[in-house]
Amino acid sequence: MLEFSLKKLDFPVFSAVLAKDKIAVCGGGGGSHYGVPNKLATFNFDDLTPIHQLDTGDQLFEKLFFSESEKALIASTDKSVGVFSVMPSGIFVETQKLEFEPGTKNDSIVVEASGRHLFVVEKDSELLHFEKNSGGLEKKLNFDFKDTVLGMCFLAEDRRIIAVFSSKVVIFALGLKAVEQAIMQDYALFDRFQLKSFGSSSQAVLLKNLQDRCQYFWISKGEDREMEVQPPRKLFNDSATTLCIQGNFVFSGDTSGRVVLHSFESDGRMRKMASSQMHSLPSMGIVVKETRDSLKAWSFGADYFAHGFEVSRSAGQSSPVWRWAVVIVIMVFAVVLGSVMKKT
């Protein structure tokens, strides 16, 4: 990973997303009462020059999504969701705000957004599904999981919801009929975790932290075409704080401020490509943009700093088997030829 820029913001970032060709971030330090503003902001990707910043007062947005189909930012606090329409210039304006009720075990709501769909879990276990239309967000269903939901993601292609509970992962169809359940009996609690789908595909990765180590679970379709959660594999000895997937590249940040790059292999394993200590506090958001020859990225930390870095697109490509076969044949031929020449 080659770093090409370092910028300092005036607030710590909690979440960051790629909004078309711009970067959108949210975060803050408690607002005017604490001397650090709470903000929602957009920046140019190449040099991180500011485009539009909104001081959100005492309202701290903690999680951010971007719907490319709707050209909208979805930002959530511990008890509300705001929808912001984003113009091509990067300027945004709030179009809708919804209030929800946090639970007794979860002190904040759980939010997931993808395309026209918004999912919110309030009161620990009650799932609300909204779909965006010309008039705004319309509620489609209400479902009670009967268990405390810690997080979720939506696989748009198969209309599946992956819900993470304290000791299990359950995959639901959008109609909320359980189609697959994986109970992790060896693990009593998810300390912290990150869950991401591969864009609109039928695959997802769950990074699970337990004490001082991080494991990953590969979630994909099995031979019977139903979703399966593969057994856990170790990723690194630290706790993941953010996760970004781009093609077969997986970027993760941890509590120490390190950014680690892995690539997915054909057997479902992650191969470590590189790592860099970028922040003095946890890395909170990674945004990646594809170019013809490389992947350009920004890592945002709780230390107010943003690091720009670049990765070659060929870095994650394993050499095909036939290339190794050719190399071996050439080496054998060279040995045989050398022996023949010695005899002559």
Side-chain angles (χ1 to χ4, degrees), residues 15 17-18 63-70 72-74 76 81 109-121 125-132 137 139-145 147 149-165 168-184 190 193-208 215-233 235 240 242-252 262-270 286 288:
S15 184
V17 294
L18 185 66
K63 198 169 184 181
L64 199 57
F65 305 88
F66 177 69
S67 170
E68 186 166 347
S69 62
E70 304 303 313
L73 283 170
I74 297 93
S76 67
V81 173
I109 58 176
V110 177
V111 180
E112 163 71 359
S114 176
R116 295 164 50 229
H117 301 276
L118 170 67
F119 302 91
V120 179
V121 175
S125 63
E126 293 186 17
L127 174 69
L128 305 175
H129 171 216
F130 300 85
E131 194 166 336
K132 194 173 187 303
L137 291 170
K139 186 189 291 186
K140 290 295 183 179
L141 63 84
N142 190 331
F143 178 82
D144 194 343
F145 282 111
D147 196 356
V149 180
L150 301 180
M152 59 185 170
C153 80
F154 178 57
L155 302 179
E157 183 179 284
D158 291 280
R159 296 174 69 83
R160 295 286 192 267
I161 297 169
I162 303 175
V164 178
F165 302 91
K168 61 187 176 183
V169 174
V170 184
I171 303 173
F172 297 89
L174 187 55
L176 275 296
K177 176 184 176 182
V179 294
E180 177 68 23
Q181 178 169 310
I183 299 177
M184 303 174 189
F190 281 86
F193 66 92
Q194 299 290 322
L195 177 63
K196 290 278 187 177
S197 64
F198 277 72
S200 61
S201 71
S202 304
Q203 305 172 83
V205 169
L206 168 66
L207 297 189
K208 173 188 176 299
Q215 295 177 314
Y216 70 94
F217 298 82
W218 175 246
I219 304 171
S220 62
K221 282 183 178 178
E223 294 181 358
D224 59 357
R225 307 302 292 169
E226 292 292 357
M227 303 303 293
E228 295 180 350
V229 183
Q230 303 298 327
R233 294 170 176 168
L235 191 63
T242 188
L243 174 65
C244 180
I245 298 173
Q246 186 72 42
N248 69 320
F249 290 93
V250 178
F251 297 82
S252 55
H262 289 84
S263 68
F264 260 115
E265 304 300 298
S266 58
D267 62 356
R269 295 182 180 274
M270 280 203 215
I286 299 173
V288 181

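Partners of Tyr216 by ring-ring contact (aromatic ring centres under 6.0 Å, His included), not counting sequence neighbours: none found. Qualifying side chain to side chain donor-acceptor pair (under 3.5 Å) partners for Asp144, counting only residues two or more places apart in sequence or in other chains: Ser125. Scored by the side chain to side chain contact (heavy atoms under 4.5 Å, CB included) test, Glu70 finds Ser67, Ala72, Arg116, Lys132 as partners (sequence neighbours excluded). Residues that satisfy the side chain to side chain donor-acceptor pair (under 3.5 Å) test with Glu126, not counting sequence neighbours, are absent from this structure. Remark: Arg269 pairs with Asp267 by the salt bridge (charged side-chain N to carboxylate O under 4.0 Å, His left out) rule, at least two apart or across chains. Not a single ring-ring contact (aromatic ring centres under 6.0 Å, His included) links Phe66 to another residue, sequence neighbours left out.
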Kindly determine whether Val149 and Leu127 satisfy side chain to side chain contact (heavy atoms under 4.5 Å, CB included), including the steps that lead there. CA-CA 9 Å; Val149 180; Leu127 174 69; over 6 Å; no

Leu118 vs Leu128, test: side chain to side chain contact (heavy atoms under 4.5 Å, CB included). Steps then yes/no. CA-CA 8 Å; Leu118 170 67; Leu128 305 175; over 6 Å; no

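At a threshold of 4.5 Å between non-hydrogen side-chain atoms, the residues Val170 and Phe145 do not count as touching. Residues Val81 and Ile109 are in side-chain contact: their nearest non-hydrogen atoms beyond the backbone lie under 4.5 Å apart. Two residues are said to be in side-chain contact when any heavy atoms from C-beta on lie closer than 4.5 Å; Phe119 and Leu174 meet this criterion.
The two atoms that bring Leu64 and Val17 nearest to each other are O-CG1, 3.2 Å, heavy atoms only. Scanning both residues, Gly115 and Ser69, for their nearest heavy atoms gives CA-OG, 3.6 Å. Between Met270 and Val205, the closest heavy-atom pair is CE-CG1, 3.8 Å. Taking both residues in full, the closest heavy atoms of Ala163 and Met152 are given as CA-CB, 4.1 Å, listed atom of the first, atom of the second, then distance. What you find for Gln246 and Val288 is that their closest heavy atoms are OE1-O, 3.7 Å.
Between Glu68 atom CD and Leu18 atom CG the span is 8.5 Å, to the nearest 0.5 Å. Interatomic distance, CZ of Phe65 versus OG of Ser114, reported as 9.5 Å (0.5 Å rounding). Separation of atoms CZ (Phe172) and CD1 (Ile162) is listed at 11.0 Å; rounding is to 0.5 Å. We find the SG-CZ distance between Cys244 and Phe249 to be 12.0 Å, quoted to the nearest 0.5 Å.
Checking side-chain atoms of Glu112 against main-chain N and O of Phe154 turns up a donor-acceptor pair under 3.5 Å.
Using bins of under 30°, 30° to 60° and over 60° for the plane-to-plane angle, the ring pair His129/His117 lands in the parallel bin.
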